[in-house]
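Please read all numbers here as calculations on a predicted model, not as lab measurements. By convention here, the first residue in the shown sequence is residue 1.
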Amino acid sequence: MIAVLVAAAVLCAGCGGSHAASGITLGSILKRAGPDIGVTAGASEFIPGLVRFPFLVIDSSAKPVYRPRATVWVARSQDGTPFARLDARLEPIGIPGHSEPAFGGVTRIYVLHVRIPRAGRYWLVAEPVGAHVQALGAIDVLARSRSVAVGARAPRSETPTLATAPARQITTSNPADLPLLRYSVAQSLAAHVPFVVTFATPKFCSSRTCGPVVDVVEAARKRFAGRGIRFMHVEVYRDNDPAKGYNRWMGEWGLASEPWVFLVGRDGRVQAKFEGSVSEAELAAAIRAHLL
């Protein structure tokens, strides 16, 4: 059973206050009343420090569990004593009332933040409050980022714009997200302008945790209009064809999944980044903290 649950889990991040649990193990939590299922992770790249882990809890009838918060225990082993007990909060996927649901009709996702000091495999159990279900997952923390790291210089990518190609060739958004296609990454770096760039494909996003991130970036653009920040969208597949694989801009940024959102400062360095679904509130908070 453990092997099946772990196969379904590749962890992400969340929210809440952390403190070590006492007198319990992950195994004892799994023995509580209710079914044991697997966590569905919304991201795959984690490095030591404050880890953001978005995840779904999908019940035995294949429906997502939506409770305002979930209690999460994190340990170094499957049956270990938790070193942290935190709350993961439910965040909307996309813009409520505007965006289409993610694949499978998913509209919300849990987000956990947990501080992990070193690389290795960590285990967790998530229990949505009042749902009487326990979800097991694992977080594989890498020694370093595969994608462009926070603090590193952003690649001078000559990403496409409306000045270099028609909208139908450079976006799969419908209607086209024209305000996000005005500037390239290279132009913005040369101008020393802070920017937000998302690598995402609205048309071909196909997982339960791949939310309409382009809608979120557009909402942030409107919210911060006049603040001197540029907002950009870059598609992820060559010629917008999944059969051709990821395009060169994905390679330049070291990306092996989508969607991603990067915040880059005036100095050209990455200030923050998000893998997978990110809510408008999360993105707005990061912009205020790092780009204003």
Side-chain angles (χ1 to χ4, degrees), residues 43 45 47 144-205 210 212-242 244-276 278 283-284 286-292:
E45 182 184 293
I47 61 171
R144 61 185 63 86
S145 294
R146 293 184 295 253
S147 60
V148 179
V150 172
R153 292 192 178 278
R156 293 188 174 276
S157 299
E158 295 284 355
T159 52
T161 69
L162 293 171
T164 62
R168 67 180 182 277
Q169 292 182 8
I170 60 176
T171 183
T172 62
S173 288
N174 186 20
D177 50 320
L178 301 180
L180 302 181
L181 307 176
R182 295 171 178 166
Y183 305 103
S184 73
V185 167
Q187 289 170 343
S188 302
L189 290 170
H192 302 287
V193 174
F195 63 87
V196 175
V197 57
T198 181
F199 296 85
T201 180
K203 182 177 180 179
F204 299 110
C205 180
C210 176
V213 171
V214 173
D215 289 351
V216 173
V217 172
E218 171 61 11
R221 182 193 69 81
K222 293 176 179 178
R223 178 183 290 208
F224 292 98
R227 304 300 294 273
I229 302 170
R230 292 180 179 180
F231 293 83
M232 290 169 273
H233 166 216
V234 181
E235 287 284 335
V236 306
Y237 295 115
R238 283 188 291 152
D239 301 324
N240 294 333
D241 183 353
K244 294 183 178 181
Y246 288 136
N247 58 35
R248 63 185 178 93
W249 303 294
M250 291 285 283
E252 289 171 355
W253 286 72
L255 305 181
S257 64
E258 64 89 22
W260 282 85
V261 179
F262 290 84
L263 282 66
V264 178
R266 296 181 187 277
D267 61 357
R269 295 185 181 275
V270 174
Q271 302 298 314
K273 61 181 181 179
F274 297 90
E275 181 186 6
V278 57
L283 181 55
I287 290 171
R288 291 190 188 98
H290 299 291
L291 299 186
L292 293 181

Exam field: side chain [X] to backbone [Y], donor-acceptor pair closer than 3.5 Å:
| X | Y | result |
| --- | --- | --- |
| H290 | G265 | no |
| N247 | E235 | yes |
| Q169 | P166 | no |
| R269 | G151 | yes |
| S157 | V185 | no |
| E218 | L180 | no |
| T198 | W260 | yes |
| T161 | A163 | yes |
| R221 | F231 | no |
| K273 | V148 | yes |

Considering all heavy atoms of both residues, which atom of [X] and which atom of [Y] are nearest to each other, and what is their separation?
| X | Y | value |
| --- | --- | --- |
| V214 | S173 | CG1-OG, 3.8 Å |
| V193 | G228 | CG1-O, 3.5 Å |
| E258 | C205 | OE2-CA, 3.9 Å |
| G276 | V213 | O-CG2, 3.7 Å |
| A220 | I287 | CB-CD1, 4.1 Å |
| A167 | L181 | CB-CD1, 4.4 Å |

Aromatic plane relationship, F204 with Y237 - under 30° parallel, 30 to 60° tilted, over 60° perpendicular
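Ring orientation, 0 to 90° scale: perpendicular.
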Verdict with reasoning, W253 to F199, per side chain to side chain contact (heavy atoms under 4.5 Å, CB included):
CA-CA 10 Å; W253 286 72; F199 296 85; 3.6 Å; yes
Distance (rounded to the nearest 0.5 Å) between [X] [atom1] and [Y] [atom2]:
| X | Y | atom1 | atom2 | result |
| --- | --- | --- | --- | --- |
| F195 | L291 | CZ | CG | 9.5 Å |
| S257 | M250 | OG | CE | 6.5 Å |
| N240 | T172 | CG | OG1 | 6.0 Å |
| L292 | F224 | CG | CZ | 6.0 Å |
| S188 | R156 | OG | CZ | 10.5 Å |
| R182 | Q187 | CZ | CD | 13.0 Å |

May I ask you to check whether over 12 heavy atoms, not counting those of R227, lie within 6.0 Å of atom CZ?
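No, the 6.0 Å shell around CZ holds no more than 12 heavy atoms from other groups.
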Would you say that more than 12 heavy atoms from the other residues, nucleotides or ligands in this model lie under 6.0 Å from the CZ of R153, or not?
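12 or below, so no.
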Could you walk me through whether I170 and T164 pass the side chain to side chain contact (heavy atoms under 4.5 Å, CB included) check?
CA-CA 9 Å; I170 60 176; T164 62; 5.6 Å; no
Worked verdict on V217 versus H233 for side chain to side chain contact (heavy atoms under 4.5 Å, CB included):
CA-CA 8 Å; V217 172; H233 166 216; over 6 Å; no
Given D177 and T171, is the side-chain hydrogen bond (donor to acceptor under 3.5 Å, both in side chains) satisfied, shown in steps?
CA-CA 7 Å; D177 50 320; T171 183; 2.5 Å; yes
Presence of salt bridge, E275 and R146, under 4.0 angstrom
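Answer for the salt bridge query: no.
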Is there a side-chain hydrogen bond (donor to acceptor under 3.5 Å, both in side chains) between S147 and E45 once you walk through the steps?
CA-CA 8 Å; S147 60; E45 182 184 293; 2.7 Å; yes
